[in-house]
Number of protein chains: 2
Amino acid sequence: MIRVLVVEDEPLIAEAHAAFTARIEGFEVMSVAHTAQQAMATLRTVPVDLILLDLNLPDMNGLELARALRSAGIGTDVLVVTSARDLAAVRSAVSLGVTHYLLKPFTFATFREKLLGYARYRSQLLGAGQAPAQHEIDRAFAALRGSSPDSLPKGLDQKTLDLVLAVLRTDLGPAGLSAAEVGARMGASRVTARRYLEHLAETGQVVRSPRYGGPGRPEVEYRRV
Amino acid sequence: MIRVLVVEDEPLIAEAHAAFTARIEGFEVMSVAHTAQQAMATLRTVPVDLILLDLNLPDMNGLELARALRSAGIGTDVLVVTSARDLAAVRSAVSLGVTHYLLKPFTFATFREKLLGYARYRSQLLGAGQAPAQHEIDRAFAALRGSSPDSLPKGLDQKTLDLVLAVLRTDLGPAGLSAAEVGARMGASRVTARRYLEHLAETGQVVRSPRYGGPGRPEVEYRRV
DNA sequence: CACCCTTGCGTTCATTCTGTTCACCGGCGT
DNA sequence: ACGCCGGTGAACAGAATGAACGCAAGGGTG
């Protein structure tokens, strides 16, 4: 059993994270803390293997808490859960040894993937014996950070999706692009481009709006948000 | 350019590490320190992105040095290079955010792989923009901890791998080759060619991209980088 | 306002390649 | 001799694409 401490100021969200964690086999929630102070106090009395850490705490930034833990020689593993899409925070987190960095909001599948990745890392390292060889260490590292199959719906391919996004990014003006235009620029058909654009629209990464003007049915144009 | 500080007490070995590093494109050695004290002093005056850290230092354990750096709020990335096959040390290192843990002695290929993995992580994160999305963070994490091609995975043969590489090298134009084409040119089946091409893709020696066109499912073409 | 004309949308379905499984084959150690 | 293990390819299920097609949604015209 991997013992988990949830650190999150918002009580409702904290409950949700705890419930999510409890649903995953091999994990148990030991306690929930709403402030950095509480978290520190809890860690002194309760054995914990993994901390689910929100960065936005009332009394201290989550990264400060992580740094304080390391200074105190506490090596408990940390998984950052935050809504801060901040590049500098990601880099700091990595340098402080967080196992993963998860952006809110997330689906249960994504959350589960990260926790299971950590569980794999743990079991591989424990199974490696006292004097692990290079390839065993490598495997453990790979398990920890290994690919997350952010399962796309059937019929969609990650590489093609990347291409569509690349085309949308290189688009300059405020005007969007129609499905036919995107298809032409990426070397695929309108049908294919449309499939991916509709997916992006449903997941909120792109907006659709009609483009009137000439004769005939209006075109639909897609624009990044 | 990624600026590197080599920390290693044995002068000969330190020189070797510095020379290895200098041979890798995109890296430059800023300085060499033989003690933890020297390393700390150097870091105060010289800008450094990555520290190659030996754990066995005369005045302090390498992990202590790492912890001291974190306490001081210094987020410089660290790659541990040591002969200590110690499970506890590996776990501590991970919790302190080291990017890799490399056992001595190692071949240049292994060393190079770890540094290139770090370079990939860095460029992906920098290329992601100021507000990275979850999948971009995931890719960066995966790049950081991804591959270890020193020992070939089971099911792969060095001779066959050489053949695949030879075929890819003789390919002239900017267009890549599909798995079926590579298989035909090397006198093997598509399945076998694909196995090796996928391995090369995972280790970053080859890139995959979809090739659209006629009706039917798109081909994936492989191209050397 | 009713009608037609134009043009792109949205969907279906044949097509082609992918990714995986599993039986085979040859070599090596017991 | 025998079994085992590492590497290969035939066969298969299904995944991703684009051609074709009927319909939807505007503008133009009387």
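Proteins come first, then strands; the chains are lettered A, B, ... in the order of their sequence lines, and each starts at number 1.
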Of A:P218 and A:V191, whose closest DNA chain D nucleotide lies nearer the 5' terminus? A:V191
Closest-nucleotide mapping onto DNA chain D: is B:G213 or B:S189 further toward the 5' terminus? I mean the 5' end. B:S189
Distance below 4.0 Å between B:Y196 side-chain N/O and D:dG7 OP1 or OP2: no
Would you say a side-chain N or O of B:T160 is under 4.0 Å from OP1 or OP2 of D:dT8? yes
Among residues at least two apart in sequence or on other chains, which ones pass side-chain hydrogen bond (donor to acceptor under 3.5 Å, both in side chains) with B:T76? none
Taken in chain and number order and not counting sequence neighbours, the residues that satisfy side-chain hydrogen bond (donor to acceptor under 3.5 Å, both in side chains) with B:T82 are none
Considering every strand and a 4.0 Å limit on heavy-atom distances, what is the contact class for A:A188: base, sugar-phosphate, or nothing? sugar-phosphate
What contact category does A:A180 fall into here, base, sugar-phosphate, or nothing, at under 4.0 angstrom with non-hydrogen atoms? nothing
Closest nucleotide of DNA chain C for A:Y222 versus for B:R194: which of these residues is on the 5' side? A:Y222
Contact nearer the 5' end of DNA chain C, comparing A:A179 with B:S178: A:A179
Atom pairs and distances, donor-acceptor, side-chain atoms in residues 207-214 of chain A, under 3.5 Å, two or more places apart:
{"from": "A:R208", "atom 1": "NE", "to": "A:E198", "atom 2": "OE2", "distance (Å)": "3.4"}
{"from": "A:R211", "atom 1": "NE", "to": "A:E221", "atom 2": "OE1", "distance (Å)": "3.0"}
{"from": "A:R211", "atom 1": "NH1", "to": "A:E219", "atom 2": "OE1", "distance (Å)": "2.9"}
{"from": "A:R211", "atom 1": "NH2", "to": "A:G176", "atom 2": "O", "distance (Å)": "3.3"}
{"from": "A:R211", "atom 1": "NH2", "to": "A:E221", "atom 2": "OE1", "distance (Å)": "3.2"}

Of all pairs that satisfy salt bridge (charged side-chain N to carboxylate O under 4.0 Å, His left out), the ones with a partner from residues 11-27 of chain B, not counting sequence neighbours: none
Residues two or more places apart in sequence or in another chain: which of them pass ring pair (Phe, Tyr, Trp, His ring centres under 6.0 Å) with B:F20? B:F108, B:F111
List for me each residue that meets ring pair (Phe, Tyr, Trp, His ring centres under 6.0 Å) alongside A:H199, sequence neighbours excluded, and say none if there are none. none
Would you check if the side chain of B:Y196 reaches a backbone N or O of B:L165 as a donor-acceptor pair within less than 3.5 Å? no
Please set out all donor-acceptor pairs under 3.5 angstrom arising from side-chain atoms of residues 1-12 of chain B, sequence neighbours excluded.
{"from": "B:R3", "atom 1": "NE", "to": "B:D49", "atom 2": "OD2", "distance (Å)": "3.1"}
{"from": "B:R3", "atom 1": "NH2", "to": "B:D49", "atom 2": "OD1", "distance (Å)": "3.1"}
{"from": "B:E8", "atom 1": "OE1", "to": "B:K104", "atom 2": "NZ", "distance (Å)": "3.2"}
{"from": "B:E8", "atom 1": "OE2", "to": "B:E10", "atom 2": "N", "distance (Å)": "3.2"}

If I take atom [atom1] in residue [X] and atom [atom2] in nucleotide [N], what distance separates them, rounded to the nearest angstrom?
X: B:R211; N: D:dG18; atom1: CZ; atom2: C1'; answer: 17 Å
X: B:E221; N: D:dT17; atom1: CD; atom2: P; answer: 15 Å
X: B:D162; N: D:dG7; atom1: CG; atom2: P; answer: 14 Å
X: B:R195; N: D:dG7; atom1: CZ; atom2: C1'; answer: 7 Å
X: A:L161; N: D:dT17; atom1: CG; atom2: P; answer: 10 Å

First contact, last contact: which nucleotides of DNA chain C are these for chain A, 5' to 3', heavy-atom distance under 4.0 Å? C:dT6 to C:dT11
Are the side chains of B:L168 and B:L197 in touch, meaning some heavy atoms are under 4.5 Å apart? yes
Show me the protein contacts with nucleotides 12-15 of chain D, counting only N or O atoms at under 3.5 Å.
{"from": "D:dG14", "atom 1": "N2", "to": "B:R217", "atom 2": "NH1", "distance (Å)": "3.2"}
{"from": "D:dA15", "atom 1": "OP1", "to": "A:K154", "atom 2": "NZ", "distance (Å)": "3.4"}
{"from": "D:dA15", "atom 1": "O4'", "to": "B:R217", "atom 2": "NH1", "distance (Å)": "3.0"}
{"from": "D:dA15", "atom 1": "N3", "to": "B:R217", "atom 2": "NH1", "distance (Å)": "3.3"}

